Protein chains: 2
Amino acid sequence: MPQKEKHQAKKSRANMSIGTLAKTAGAKVQTIRYYEEIGIMPRPDRTHSNRRTYTQEAVKRLRFIRHARELGFSIPAIRAMIELQSLSGGPCARVDEIAGQQLDVVRAKITRLKALENELTRMLNCCDGSDIATCRVIEVLSDHSLCESEHGSPENINMVSEKTLFPRN
Amino acid sequence: MPQKEKHQAKKSRANMSIGTLAKTAGAKVQTIRYYEEIGIMPRPDRTHSNRRTYTQEAVKRLRFIRHARELGFSIPAIRAMIELQSLSGGPCARVDEIAGQQLDVVRAKITRLKALENELTRMLNCCDGSDIATCRVIEVLSDHSLCESEHGSPENINMVSEKTLFPRN
DNA sequence: TCTACAATGTACAGCGACTGTAGAAGCAAG
DNA sequence: CTTGCTTCTACAGTCGCTGTACATTGTAGA
Ligand SMILES: [Zn+2]
Ligand SMILES: [Zn+2]
Ligand SMILES: [Zn+2]
Ligand SMILES: [Zn+2]
């Protein structure tokens, strides 16, 4: 057993180390430091030996960030939502708008990926598996006009980014 | 009108410049140079003033790469398929296997994105749009236990990469 | 108390697949 | 000759982390 567990168990309601925060909220230690660096996690207090100490607030914040990331939100989108939360009070229309944009992004990705699935399935079904010189997979990959659909360019469907959140002013 | 067009029209069956190749095959000039650098486009001949000159072979090769990229294949996967083509002759089983792996990747992405779509739709439907303090979107983003599904971590579903193509030997 | 090892600190490089930039040089047309 | 386009090389930046190197600190067992 890691020593840390015993150590932290004793003072479970006191401030926690970065490692404990990492385990509690489901992130890597480096990721937490990275979030601090880019300013979406607040800079925590330090011990006399310069180590970060976190409160329950930090756990909540980090859980929010991680879960939003798991749901595909970009860092700028998350940053915007955090700022909206911190100016507490007022309607949530803007938050819902950001989530709605994220939903649009997800749906666009699904549409594209279904087109890819279709093309890949088709080319694999049409290949008789004999020779490379006549392989249908190679043929289709060499010539988009053999495709059924306009499947678009690679990963042009991006996340809700800075640009979509804050259009060119 | 760009001068290039007139210029190139005169000698359309001769070697072409990198800009003409870019337009013909649908890529950016820098991308072509990048492909050369990483070794999936062969190094072309140069003019006396050090400019790249391309043949129809290069057009074919670049079209293959771009179309495979549009269908989501990774560079290592494309590199492998190019090598399989160049050792011409033999069955296409390996090519089809790579395409099959790509299909698996695409299907896994679709599955995950559908889960995300579901969660996003649910949280947006449940929000009454009144106040940030009670916003359902914020609530769900703060607490994964309010989700219906295990929607997984961000972008853990990767492309067919070096590792999947050449598992640890 | 000594020793080992775990955890933390900073700083920086790397991933994938490009894209954009800087600065120099060439090339053709008006 | 000047203007404007293209090309050349080299390198930095994108995104969201992840991994590494090396130094320091904290803790537990002997
Ligand atoms: Zn085949
Ligand atoms: Zn196609
Ligand atoms: Zn709301
Ligand atoms: Zn969830």
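Small disclaimer: the values here were computed from a predicted structure and weren't measured. In what follows, every chain begins at residue 1, and chains take the letters A, B, ... in the order their sequences are listed.
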Exercise. Out of curiosity, Ser74(A) OG to Ile78(A) CD1, how far, rounded to the nearest 0.5 Å?
Worked result: 6.5 Å
Exercise. Quick one: which of dA17(C), dT7(D), dG16(D) gets closest to the side chain of Pro76(B)?
Worked result: dA17(C)
Exercise. Heavy-atom distance under 4.5 Å between the side chains of Cys135(B) and Asp96(A), does that happen here?
Worked result: yes
Problem set entry | Electrostatic pair Glu139(B)-Arg136(B), nearest N-O below 4.0 angstrom | yes
For this session: Would you please confirm or rule out a distance under 4.0 Å between OP1 or OP2 of dA17(C) and any side-chain N or O of Arg79(B)?
Result: no
Seminar exercise, completed: Winner on side-chain proximity to Ile18(B), out of dT9(D), dG16(D), dT7(D), is dT7(D)
Exercise. For the pair made of CZ in Arg46(B) and P in dA25(C), what is the distance, rounded to whole Å?
Worked result: 17 Å
Exercise. To the nearest Å, how far apart are Tyr54(A) OH and dT8(C) C1'?
Worked result: 11 Å
Exercise. With respect to the phosphate group of dC15(D), does any side-chain polar atom (N or O) of Tyr34(A) fall under 4.0 Å of OP1 or OP2?
Worked result: no
Problem set entry | Val59(A) vs Phe64(A), side-chain contact (heavy atoms from CB on, under 4.5 Å): CA-CA, chis, key distance, verdict | CA-CA 9 Å; Val59(A) 178; Phe64(A) 178 85; over 6 Å; no
Problem set entry | Audit row: Ile82(A), Arg61(A), side-chain contact (heavy atoms from CB on, under 4.5 Å) steps and yes/no | CA-CA 9 Å; Ile82(A) 286 171; Arg61(A) 169 69 66 92; 3.5 Å; yes
For this session: Identify whether Leu87(A) and Leu141(B) are in the same connected component of the hydrophobic contact network (ILVMFWY, side-chain heavy atoms under 4.5 Å).
Result: no
Exercise. Could you state the CG-C1' distance from Asn50(B) to dT9(D), rounded to the nearest angstrom?
Worked result: 9 Å
Exercise. Taking CE from Met16(A) and C1' from dT8(C), how many angstroms apart are they, rounded to a whole number?
Worked result: 16 Å
For this session: Let me see the working for Asp143(B) and Arg63(A) under side-chain contact (heavy atoms from CB on, under 4.5 Å), right down to the final yes or no.
Result: CA-CA 7 Å; Asp143(B) 186 1; Arg63(A) 282 223 174 97; over 6 Å; no
Exercise. Leu21(B) has an atom CG; how far is it from atom P of dT6(D), in whole Å?
Worked result: 15 Å
For this session: Would you tell me if any nitrogen or oxygen in the side chain of Tyr35(B) comes within less than 4.0 Å of OP1 or OP2 on dA17(C)?
Result: no
Problem set entry | Minimum-distance pair of heavy atoms, taken over all atoms of Leu146(B) and Arg122(B) | O-NH2, 2.6 Å
For this session: May I have the distance from Glu37(A) (atom CD) to dC17(D) (atom C1'), rounded to whole angstrom?
Result: 11 Å
Which protein N or O atoms sit under 3.5 Å from an N or O of nucleotides 23-25 of chain D?
{"unit_1": "dT25(D)", "atom_1": "O4'", "unit_2": "Arg51(A)", "atom_2": "NH2", "d": "3.3"}
{"unit_1": "dT25(D)", "atom_1": "O3'", "unit_2": "Ser49(A)", "atom_2": "OG", "d": "3.3"}
{"unit_1": "dT25(D)", "atom_1": "O2", "unit_2": "Arg51(A)", "atom_2": "NH2", "d": "3.3"}

Problem set entry | Between dA17(C) (P) and Ile40(B) (CD1): distance, integer Å | 9 Å
Exercise. Below 4.0 angstrom from OP1 or OP2 of dA7(C), is there any side-chain N or O of Ser17(A)?
Worked result: no
Seminar exercise, completed: Side-chain atoms of Ser74(B) come closest, of dT8(C), dA17(C), dT7(D), to dA17(C)
Exercise. Are Lys114(B) and Glu117(B) within salt-bridge range, i.e. N to O under 4.0 Å?
Worked result: no
Problem set entry | Donor + acceptor pair across side chains of Tyr35(B), Arg66(B) (<3.5 Å) | yes
Could you write out each protein N or O paired with an N or O of nucleotides 20-24 of chain C at a distance under 3.5 Å?
{"unit_1": "dG20(C)", "atom_1": "OP2", "unit_2": "Lys28(B)", "atom_2": "NZ", "d": "3.3"}
{"unit_1": "dG20(C)", "atom_1": "N7", "unit_2": "Gln30(B)", "atom_2": "NE2", "d": "3.3"}

For this session: Rounded off to whole Å, could you give me the CG-to-C1' distance for the Leu62(A) and dC17(D) pair?
Result: 13 Å
